[in-house]
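Below: one structure, written as structure tokens.
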Number of protein chains: 2
Amino acid sequence: MTSTPPRRKRATVHDVAREAGVSRGTISRLLTGEGYVSAEAREAIEAAIRKVGYVPSTTARNLVRQRTNAVGFVVHEPHSLFLEDPNIGEILLGANEALSEDDYQMVCLVIGSDRDSERVARYLRGGFVDGAVVVSARAHDPITAVMRTSQLPVAFVGHPPDLQGQSWVGIDNLASAQEITARLLATGRRRVGMIAAALDRDSGADRLAGFTRALGDRFDPALVAPVDLYSYSEGAAAMSALLERAPDLDGVFAASDALAAGALDALRRAGRRVPEDVGLVGFDDSAWARRCTPQLSTVVQPAAGLGRAAARSVLAQIAGDQTEPAAILLDTPIAWRASA
Amino acid sequence: MTSTPPRRKRATVHDVAREAGVSRGTISRLLTGEGYVSAEAREAIEAAIRKVGYVPSTTARNLVRQRTNAVGFVVHEPHSLFLEDPNIGEILLGANEALSEDDYQMVCLVIGSDRDSERVARYLRGGFVDGAVVVSARAHDPITAVMRTSQLPVAFVGHPPDLQGQSWVGIDNLASAQEITARLLATGRRRVGMIAAALDRDSGADRLAGFTRALGDRFDPALVAPVDLYSYSEGAAAMSALLERAPDLDGVFAASDALAAGALDALRRAGRRVPEDVGLVGFDDSAWARRCTPQLSTVVQPAAGLGRAAARSVLAQIAGDQTEPAAILLDTPIAWRASA
DNA sequence: TTGTATGCGTTATCAA
DNA sequence: TTGATAACGCATACAA
């Protein structure tokens, strides 16, 4: 035995053909399931395949078929958003499920830097995939432009503001924020604040708008604490700041459950009881919501459903069934628990 | 405007050649940076490329070059492990970073079903990637066998028991579990239990072994509560069960921070103070650890480092720099905080 | 039912 | 410095 393994060259149809004593065409027909292959030919081929250890080259097949049966799942990851956002994992699983049903391979591409961004763009346009699901894109992300100019079927989860003529799926952030705020007000709270986040994305801006609308005349801009990310620590910090500015606060709408969880701890540290002194509601119904004590009242975001819907849209576009760009809105029930 | 967009066929080198009035060879040399192309040729080509909207076909390029400059990142996802395990995200990011530095594209493939498993196997063996990082594989996962028979460069994060002749990176679960248990004992605890998880993986089994070894004669099997997943809810349930069996418990080692967080809540509900009545330590130093009150004392798992090391190993194998299978162990310092 | 020939869009080799 | 031409490994239309 030499120390370097022989690293055999991979076997090709050619090798199988020679071994089985048939032509390459016959083999191809067998593998693609086109039919028209005799029982004896089939057996000879199958034996030969095992013997030479043949595995079809997807690359070559893709080239001639002009499609890959793969769909990209592109996730932007500005500052570990990928880790903090509990929705992305669910969206990914939902998309994978839908693609898997049609025997499409999901390839997840994460963009963590400008360099990644360019490489992913090359990958997408280079014919590696037949379409893409893009999640958590922000305004002016280069990938948005790439998807516009390339002819690739695409569906966005959430819609970056500069979207045009492309499909997206999402929820009605404004309406659901308005609804849960109204519900919080209905418990008798008089001084209600909000921890807003990611105002440069539609989700963030719309949730704030919904909050504002629900409050109407009672809206007080001083009771809004804007932060960058939907994270636990930002929630705690914002809550402390809010309490400092308005000690008489008796209700809070946090733009995500992670923020709410942070806020909850900050409230506890400040000696406020929830829900007795302060009513608290969140958004997402992520794992956070049930983990908190008391459990959070929150807007249920159908994350897996979003992934599925986006994937299905891409598949429909690939199949030619969906030629017009579509906007799909999914329902967002409210889970009313103990925090308000 | 018709309702169906014209969906132009993509331009090829051929088109560019005709437009620029040069041969395909010259274009190829320009694009691949081989040199030997005159200034005027370059300009003509660049103009032509813009005009016809040419984008090189990665598929065709891969076929002739016999490599893709892509590396797979395979993650098994039995029952939403992907969502619960905070390490995977970090590992992924670390791997992506290392691959990105060498201008390799990371493609993340998630296996959520048997069907996925087969498709991913095809994808991997079909020449779609030059190598793969495999994370959280269990014993007898089909993918492990696939990686063995295919000649693909691979590095596992953690090592499934039936690994042979393949590289892996990990931590010394046994030693670090032993160390933190000893440290817990050093605080004067006399009745120390453990919440063990995922005993069918090396990580889970080794952590239990380390715990056992640290306790020596004092080890009492009745104080071990085994669960399936490293999850918050399993931790809470296991802690309750443990308290029922052994009310005099004064110390707990949870096999992960998520478990510890669940245990913490269960302890609190049972009226036990941490760390006064019960000392609690975890494992991972994930976001959970700092989020708990009190913050968890825990073993620091270098998740991003694991991803980087695995990716580097694969890159080295692709480059031919690493011909022998290697086992790489990373350090695991202990973060001693307030929970014990 | 099978074999043959051509094409998929590149890169690489060699003359020119 | 450039241009023809042969791979790369497979699918497929067509002839047998």
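Quick note on labels: first sequence line is chain A, next is B, and so on, each numbered from 1.
- Contacts classified as salt bridge (Lys or Arg N to Asp or Glu O under 4.0 Å) and involving residues 11-23 of chain B (residues at least two apart or in different chains) are given here: B:D15-B:R18, B:E19-B:K51.
- Exactly one of B:V55, B:L31, B:V13 qualifies for a side chain to side chain contact (heavy atoms under 4.5 Å, CB included) with B:I49. That residue is B:L31.
- Note on residues 88-126 of chain B: pairs passing ring-ring contact (aromatic ring centres under 6.0 Å, His included), not counting sequence neighbours, are B:Y123-B:F128.
- Just one residue in the list A:N62, A:D130, A:T58 forms a side-chain hydrogen bond (donor to acceptor under 3.5 Å, both in side chains) with A:T68, and that residue is A:D130.
- Side chains of B:L124 and B:I143 form a contact here, defined as non-hydrogen atoms less than 4.5 Å apart.
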- Item | Annotated protein contacts, base or backbone, on nucleotides 1-10 of chain C with a non-hydrogen cut-off under 4.0 Å, one of B, S, - each | BBBB--BBBB
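- If you take CZ of B:R67 and C1' of C:dT11, they are 12 Å apart, rounded to a whole angstrom.
- In this structure, the CZ atom of B:R65 is 22 Å from the P atom of D:dA6, given to the nearest Å.
- In this structure, B:L30 atom CG and D:dG3 atom P are separated by 13 Å, rounded to whole Å.
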